[in-house]
Number of protein chains: 2
Amino acid sequence: MAEPSTRTVSRALDLLAAVCDAGDVSLADAARRTELNSSTALRLLRTLEGAGFVRRDDDGVYRPGLRIVQLGAQALSAESLVSLAEAPLRRLVEATGESCYLSVPHLQGTRGEHGIYLAMEEGTHSIRHTSWVGRTVPLEGTAVGAALRGDVPDAGPEAGYVVAGDVVESDVTAIAAPVRVPAADREGRIVAALSVVAPSYRMDETTVTACGRLLAEEARSILHAVETADS
Amino acid sequence: MAEPSTRTVSRALDLLAAVCDAGDVSLADAARRTELNSSTALRLLRTLEGAGFVRRDDDGVYRPGLRIVQLGAQALSAESLVSLAEAPLRRLVEATGESCYLSVPHLQGTRGEHGIYLAMEEGTHSIRHTSWVGRTVPLEGTAVGAALRGDVPDAGPEAGYVVAGDVVESDVTAIAAPVRVPAADREGRIVAALSVVAPSYRMDETTVTACGRLLAEEARSILHAVETADS
DNA sequence: AAATCGCGTTTCAATAAGTGAAACGCACTC
DNA sequence: GAGTGCGTTTCACTTATTGAAACGCGATTT
């Protein structure tokens with residue numbers, strides 16, 4: 001927030017982000033997280049509450065309100081990156097049989113960065129499991145995190161993807177590839193990651209390699225789609 | 001916005017909603033929708049843009065930014081209503097084989113109200129189709145809309161649900177039931193709708209009735225879950 | 001070609017909108 | 001009982017915010 005901006009609004013948006021990141025937060029904690037005087041925070045949170053962006057139940061704790069859910073869901077459905085990734089995700093599921101995901105970087109206030117899942121397609125083997133949209137994933141120790149950080153080999157047999165035993169779920173192998181969009185430098189800018197997650201017993205070395213290469217290929221297909229749309 | 005609030009923040013949130021509702025909007029149109037002076041709107045939109053809530057491409061049009069997508073997705077995954085509806089949605093799919101949805105009311109500025117889909121479970125028959133999360137549905141002429149408006153028989157053979165040939169998609173039958181939470185009156189307050197959508201050729205009268213009753217029952221199970229959590 | 005219209009952007013005087021320190025009551029802990 | 005932290009209210013102060021006006025530009029109309 002180094003650019004000229006409307007200070008009051010910036011403060012309110014910081015509070016909104018703090019509530020969403022924390023999931024539930026007291027007034028005092030919200031004020032601390034945003035380094036605001038508590039009466040200022042109270043006033044701004046009351047405005048956010050009145051507009052439905054946060055809610056406050058009888059326990060006095062602030063939580064995200066339906067308005068951010070509504071607008072976020074609406075924006076998610078209109079998000080071009082999600083649309084562009086849909087066909088690649090589906091192709092990946094057809095080719096691998098495993099569940100595949102699109103994730104993007106997610107700033108989380110002062111608590112470092114995470115990734116966040118925006119879309120998924122379920123694998124053909126899978127027992128049904130809960131929706132991953134909106135879940136966050138650490139940038140350290142995960143394949144998705146490494147892809148989002150750009151910590152990916154760019155030459156050799158594993159070029160374009162990264163493999164990890166996922167720290168979030170054990171006995172699971174995750175493979176991820178960064179999705180780039182055109183930028184000033186030749187490499188492009190990483191805006192998302194495609195990933196495949198499967199139980200390790202199904203992922204021998206040959207399968208991992210094949211999956212990884214598919215991922216890298218589909219990530220490039222998204223870049224191509226962006227470049228085509230731009231010209 | 002009749003309560004004491006921070007005017008500047010309220011204005012910025014109105015602009016954010018206008019951008020999300022419109023999908024793409026010029027500065028002049030955003031200012032008109034929110035009845036703000038254009039230099040005020042420019043300044044507030046610049047703040048929203050700086051914080052990532054809206055973005056402005058070379059065409060000068062404002063669109064939702066990644067930040068609202070991120071926070072919205074995060075809030076969606078934490079939303080208790082979505083969690084509570086997950087098992088009922090899955091049971092409905094198992095019992096009917098059709099795709100099932102959770103939707104909530106969605107205020108859309110001065111343009112009347114819509115519903116918005118927050119969750120779905122795909123049916124077992126279905127050809128894969130695109131994600132419905134975030135899509136809006138008119139309140140008039142649809143089963144979901146009627147359920148969200150409470151325009152549902154509360155006695156008789158069709159108590160608790162409503163059936164419509166869906167105006168959004170033809171040759172489709174939609175059945176919906178309102179989800180209520182405890183409120184001061186005995187009826188409770190409608191906060192969401194469960195719906196089943198299927199091609200009409202699969203929905204004879206007996207099937208419709210069975211589906212409808214299941215929907216009403218599952219809607220009641222959510223109410224029970226809420227009441228249990230509150231006590 | 002000239003006039004008109006609408007758009008987006010910048011500037012600045014005016015003011016009222018927003019702020020934070022202080023006070024207070026309450027609950028909890030030692 | 002004393003201390004601590006929380007949430008809420010109050011109010012004097014000031015600065016953050018505002019909108020009218022000006023301007024350049026492109027598109028449309030006369």
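Since the model is a prediction, treat every value here as computed from it, not as a measurement.
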Could you check which of C/dT19, C/dG8, D/dC6 has an atom nearest any side-chain atom of B/Ser26?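 Out of C/dT19, C/dG8, D/dC6, the nucleotide with an atom closest to B/Ser26's side chain is C/dG8.
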
If you fit an axis to the five pairs at each end of the helix from C/dA1-D/dT30 to C/dC30-D/dG1, how big is the angle between those two axes, to 10 degrees? 30°

Any donor-acceptor pair under 3.5 Å from [X] side chain to [Y] backbone:
X: A/Glu121; Y: A/Ala87; answer: no
X: A/Gln74; Y: B/Ile116; answer: no
X: B/Asp59; Y: B/Val61; answer: yes

Nearest whole angstrom, please: distance from the [atom2] of [N] to the [atom1] of [X].
X: B/Arg32; N: D/dG19; atom1: CZ; atom2: C1'; value: 17 Å
X: B/Asp59; N: D/dG26; atom1: CG; atom2: P; value: 17 Å
X: A/Leu45; N: C/dT19; atom1: CG; atom2: C1'; value: 15 Å
X: B/Leu42; N: C/dT9; atom1: CG; atom2: P; value: 5 Å
X: A/Leu27; N: D/dC6; atom1: CG; atom2: P; value: 9 Å
X: B/Tyr62; N: C/dC7; atom1: OH; atom2: C1'; value: 12 Å

Just verifying a value: how many Å separate A/Trp132 CH2 and B/Ser77 OG, rounded to the nearest 0.5 Å?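 OG of B/Ser77 is found 11.0 Å from CH2 of A/Trp132.
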
Taking atom types as modelled and ignoring hydrogens, do the side chains of A/Arg135 and A/Tyr117 form a donor-acceptor contact shorter than 3.5 angstrom?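 There is no such pair between these side chains.
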
Of B/Leu36, B/Leu27, B/Thr47, which is the lone residue that meets side chain to side chain contact (heavy atoms under 4.5 Å, CB included) with B/Leu42? B/Leu27

Side chain to side chain contact (heavy atoms under 4.5 Å, CB included) involving A/Ala28 - partner list, sequence neighbours excluded: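 A/Ala28 satisfies side chain to side chain contact (heavy atoms under 4.5 Å, CB included) with A/Ser26, A/Arg32 once adjacent residues are dropped.
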
Please assess A/Thr8 against B/Thr8 for the test side chain to side chain donor-acceptor pair (under 3.5 Å), listing each intermediate value before the final yes or no. CA-CA 7 Å; A/Thr8 302; B/Thr8 302; 5.2 Å; no

N/O (side chain, A/Arg46) to phosphate O (OP1/OP2, D/dG7) under 4.0 Å: no

Taking only Lys NZ, Arg NE, NH1 and NH2, and the carboxylate oxygens of Asp or Glu, determine whether A/Arg55 and A/Glu49 approach each other closer than 4.0 Å. no

What pairs of nitrogen or oxygen atoms, one from the protein and one from nucleotides 20-29 of chain C, lie under 3.5 Å apart?
| unit_1 | atom_1 | unit_2 | atom_2 | d |
| --- | --- | --- | --- | --- |
| C/dG20 | OP1 | A/Arg11 | NH2 | 3.2 |
| C/dG20 | OP2 | A/Thr40 | OG1 | 2.5 |
| C/dG20 | N7 | A/Ser39 | OG | 3.1 |
| C/dA21 | N6 | A/Ser39 | OG | 3.1 |

First encountered from the 5' end of DNA chain D, between A/Thr8 and A/Arg56: A/Arg56

